[in-house]
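A short write-up of the structure that comes next.
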Amino acid sequence: GTAALVWNEIIREKVTNFIMNQSKEQRILNFVLQNAVRGDPYSVVDTIDKYCSQKEWAMNVGNEKGLILDKTVEEVNPSVALELGTYCGYSAVRIARLLKAGARLLTVEFNPEFAAVAKQMIEFAGVQDKVKLLEGPSEEIIPQLKKKYEVDSLDFVFLDHWKDRYTPDTILLQECNLLRKGSVLLADNVIFPGAPEFLNYVRKSPHFQCTNYPSHLEYMQVEDAMEKAVFLG
């Protein structure tokens, strides 16, 4: 798994970026703009999956774990959701397409280049009314959610950013009183590349009830899993 990731993420990507004079994220966006149906989030998600499974690997949640994400979102039926780690906007579009009328998703992205691609992806999918993209580090944005973005509490949180931020950001969400009894956290990549500190924290905490969903790394046969942690108050 690691060797394949190094090949896809570092060597192959750098060569292709140099030859084509654009980033992989821009190539994914261009493929969507040319092949997906404008205003159809399902088409956008399918088109990204097609590109990343057939042409270039990318760190979206992917379709296999995407089904776990879908099921969790449908069960929670959130009014206010938070995503940490927007990347190209794949999971933001995936979540937004399942949100009820009047619900909103706040998605946080630290990398300005990724944020620029995601913004276009979200608009092309036609879900910009439900999704607000917040640019900056999660540890700065989370404490602003209540006052600046009028978030009383979060019904659903999807953690898919830097793995070493999972635990401190979960603690920050608790300290900022953004979780209510029944709030659901879903964390991606808890096996590969892995988030052992986060698993240790939520599983040992009396405040969370955890469920593990074994799966595979996006677009590969590498073992991975998602962890659902329900906040008990």
Six-ring centre of Y42, R97 cation under 6.0 angstrom, axis tolerance 45°: yes

Examine distances only and state if a side-chain atom of [X] and a backbone atom of [Y] form a donor-acceptor pair shorter than 3.5 Å.
X	Y	result
H207	G233	yes
T47	S43	yes
K65	S215	no
N200	P196	no
R27	Q22	yes
D188	D160	no

Got [X] and [Y] here, is their nearest side-chain heavy-atom distance under 4.5 Å?
X	Y	answer
M226	V61	yes
E75	K228	yes
F208	R203	no
N60	C52	yes
P206	L232	no
N212	V190	yes
M121	V131	no
I141	L106	no

Do other residues, nucleotides or ligands put more than 12 heavy atoms under 6.0 Å from the [atom1] atom of [X]?
X	atom1	result
E150	CD	no
E223	CD	no
E113	CD	no
Q144	CD	yes

Test ring-ring contact (aromatic ring centres under 6.0 Å, His included) on H161 and Y87; report intermediate values, then the result. CA-CA 8 Å; H161 55 332; Y87 188 42; over 10 Å; no

Output yes when K132 and D129 qualify as a salt bridge under the 4.0 Å nitrogen-oxygen rule, no when they do not. no

Exercise: do Y219 and D49 side chains pair donor with acceptor under 3.5 Å: yes

What heavy-atom pair brings A96 and V127 nearest, and what distance separates the two atoms? CB-CB, 3.7 Å

Test side chain to side chain donor-acceptor pair (under 3.5 Å) applied to E83 and S91, step by step: CA-CA 8 Å; E83 175 184 45; S91 45; 2.3 Å; yes

